[in-house]
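We name chains A, B, ... by the order of the sequence lines, and we start the count at 1 in each one.
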There are 2 protein chains.
Amino acid sequence: MNIEAGKFDDVCEINFTDEEAVILVRESMSEEAKVHRIAEMFKALSDPTRIRIIEALSIKELCVCDLANLLGMTQSAISHQLRLLRQNSILKYRKEGRVVYYSLDDEHVSEILNSVASHISHR
Amino acid sequence: MNIEAGKFDDVCEINFTDEEAVILVRESMSEEAKVHRIAEMFKALSDPTRIRIIEALSIKELCVCDLANLLGMTQSAISHQLRLLRQNSILKYRKEGRVVYYSLDDEHVSEILNSVASHISHR
DNA sequence: TTGATATATGAGCATATGTTCATATTTAGT
DNA sequence: ACTAAATATGAACATATGCTCATATATCAA
C-alpha cells in the first residue's frame, strides 16, 4: 500500500491511484536543498515593498534615502528589506562616501518579475 | 525638501540625492494593486511544499492522495496547499468520481520556476 | 575632535503562514 | 439507505515576517 509503510503514519493510507507514476515522478524531483533555495528566492520576491524596490532599481540605481522617499517608508524599513534582497543576490551596491547606491545584481530578476507580471495580466 | 512634506513624518528627512530621478522613477512605477498581485503570486510560490507540488505536476497530473504519498505529508496539508495554488490560478483540476486530479493551469508557471532555478545555479 | 549625515542592525510587537486535528462534503459500492 | 473512501475545510497553535524604535557604525565637514 504505502510505498514506505510505517515511515509516514499520518499519511493518507489509501492505495495509490497510479503507483508507478508516483515512483517515476519521485525520481525526477529536485533535491530538498535545491527546492528550499528556490522557495527562498520566491519568498524574497513575495512582498510588495520589495517588488517596488526592484521595480524602481530596474529603472535606475538609487540610494537608500531616495528609495525611502520614493516609497514613503522609513529609512530603517527600507534598509532591512535591502539587506534581505542583498542576501538573496538580487541587489548589489556601491558606496560613494556615506551614500550607498543600490542596483539590480542581475537583469535576470527583472525578467522573472516581468514574466510574472505578464502571467497575471493574461487572466 | 521632502517631495510630499508632512505626508510621511517618519520618512528620512534628508535632501534627495537625485530628486529628478526619484520623480522620473515614481512615474514609471506600477499601480499599487498590480504590485500587490505580483507579490501575491510570488508568495504562492514561496514555500518548499508548493514548489514540490508544482514540480511533480509539471511532470504528470496526479491526485491528492498520490501527492500526499509522494511528498510524505497528510492529505489535509496537501489539500490546503492545493487550494492556495488553485486560488492563484497556478493549478487546475478535474474530477473522476471521488478522485480529484490536479495539473498545472499553465506552462508559464513551469517556465518561471525553471527561470528561478537556473538563476540560482548561476551563483 | 566634534557634530551632523547616511546607512545598518538588534529587539520587540502585531500579523501572517503552514501544519495538525477534527469534521464536513461528495461519490462509489452494496 | 448505509458505509467507506477521497477530498475539502475551519479552528488552533507554533513559527515566521515586516515594521517601528532605539541605537550603532561610518563618513564628511568644520
A.B. asks: Mapping B:A77 and A:Q81 to their closest nucleotides on DNA chain D, which lands nearer the 5' end?
C.D. replies: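 This one resolves to B:A77.
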A.B. asks: State, with a plain yes or no, whether a side-chain heavy atom of B:L45 is found less than 4.5 Å away from one of B:L113.
C.D. replies: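 A side-chain contact under 4.5 Å is absent here.
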A.B. asks: Take atom CG of A:D66 and atom P of C:dT5, then tell me their distance rounded to the nearest Å.
C.D. replies: 16 Å
A.B. asks: Choosing from D:dC21, D:dT7, C:dA8, which nucleotide comes nearest the side chain of B:V64?
C.D. replies: D:dT7
A.B. asks: Whole-Å distance between D:dT7 C1' and B:L85 CG?
C.D. replies: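 Spelled out: CG on B:L85 to C1' on D:dT7 is 16 Å.
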A.B. asks: Would the base of C:dA6 count as contacting A:Q75 through its side chain, where contact means a donor and an acceptor less than 3.5 Å apart?
C.D. replies: no
A.B. asks: With A:L82, which of A:I90, A:V64, A:V100 fulfils side-chain contact (heavy atoms from CB on, under 4.5 Å)?
C.D. replies: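 Answer to the side-chain contact (heavy atoms from CB on, under 4.5 Å) test with A:L82 among A:I90, A:V64, A:V100: A:V64.
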A.B. asks: Find the distance A:R94:CZ to D:dA26:P and express it as a whole number of Å.
C.D. replies: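 To the nearest whole Å, that distance equals 20 Å.
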A.B. asks: Within the 3.5 Å criterion, strictly below it, is a donor on A:S115 or B:E111 matched to an acceptor on the partner's side chain?
C.D. replies: no
A.B. asks: Kindly assign one of parallel, tilted or perpendicular to the pair B:Y102 and B:Y93, based on the angle between their ring planes and the thresholds 30° and 60°.
C.D. replies: tilted
A.B. asks: Find the distance A:M73:CE to D:dT17:P and express it as a whole number of Å.
C.D. replies: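 In whole Å, D:dT17 P lies 16 Å from A:M73 CE.
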A.B. asks: Of the nucleotides C:dT9, D:dT7, D:dG10, which one has an atom closest to the side chain of A:H80?
C.D. replies: C:dT9
A.B. asks: Counting the atoms with a prime plus P, OP1 and OP2 as sugar-phosphate, which does A:Y102 contact under 4.0 Å by heavy atoms, base, sugar-phosphate, or nothing?
C.D. replies: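 Sugar-phosphate, no base atom in range.
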A.B. asks: For the side chain of B:K95, starting at C-beta, report the closest nucleotide among C:dT7, C:dT26, D:dA8.
C.D. replies: C:dT26
A.B. asks: Quick one: CZ on B:R52 to NE2 on A:H36, what's the gap to the nearest 0.5 Å?
C.D. replies: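 Atom-to-atom, B:R52:CZ and A:H36:NE2 are 5.5 Å apart.
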A.B. asks: So, OP1 or OP2 of D:dT7: does either fall under 4.0 Å of a side-chain N or O from B:R86?
C.D. replies: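 It does not, given that no N or O in the side chain of B:R86 lies less than 4.0 Å from OP1 or OP2 of D:dT7.
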A.B. asks: Calculate the interatomic distance between B:R98 atom CZ and D:dA5 atom C1'; express it in whole Å.
C.D. replies: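 In whole Å, D:dA5 C1' lies 4 Å from B:R98 CZ.
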A.B. asks: Side-chain N or O of A:T49 versus OP1/OP2 of D:dC19: is the shortest distance under 4.0 Å?
C.D. replies: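 So the side chain of A:T49 is within the cut-off, an N or O lying under 4.0 Å from OP1 or OP2 of D:dC19.
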A.B. asks: With a 4.0 Å limit, can you tell me whether A:T74 has a side-chain N or O closer than that to the phosphate oxygens OP1/OP2 of D:dT20?
C.D. replies: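 Indeed, a polar side-chain atom of A:T74 lies that close.
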A.B. asks: Ignoring hydrogens and geometry beyond distance, is the side chain of A:S76 in donor-acceptor contact with the base of D:dC19 at under 3.5 Å?
C.D. replies: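 No, no donor-acceptor pair under 3.5 Å.
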A.B. asks: Just to confirm, is there a sub-4.0 Å distance from OP1 or OP2 of D:dG18 to any side-chain nitrogen or oxygen of A:R50?
C.D. replies: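 The answer is yes; a side-chain N or O of A:R50 sits under 4.0 Å from OP1 or OP2.
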A.B. asks: Does any part of the side chain of A:M29, heavy atoms only, come nearer than 4.5 Å to the side chain of B:L71, both counted from C-beta?
C.D. replies: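 When only atoms from C-beta onward are counted, A:M29 and B:L71 do touch, with a gap below 4.5 Å.
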A.B. asks: Starting at CD of B:Q87 and ending at C1' of C:dT17, how long is that distance when rounded to a whole Å?
C.D. replies: 14 Å
A.B. asks: May I have the distance from B:D47 (atom CG) to D:dT17 (atom P), rounded to whole angstrom?
C.D. replies: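 B:D47 atom CG is separated from D:dT17 atom P by 11 Å.
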A.B. asks: Given C:dG18, C:dA8, D:dA8, which nucleotide is nearest the side-chain atoms of A:S79?
C.D. replies: C:dA8
A.B. asks: Start at the 5' end of DNA chain D and walk down; is the nucleotide closest to A:K43 or to A:E96 reached first?
C.D. replies: A:K43
A.B. asks: Distance check needed: D:dT17 C1' versus A:L45 CG, whole Å only.
C.D. replies: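 Taking CG of A:L45 and C1' of D:dT17, I get 15 Å after rounding.
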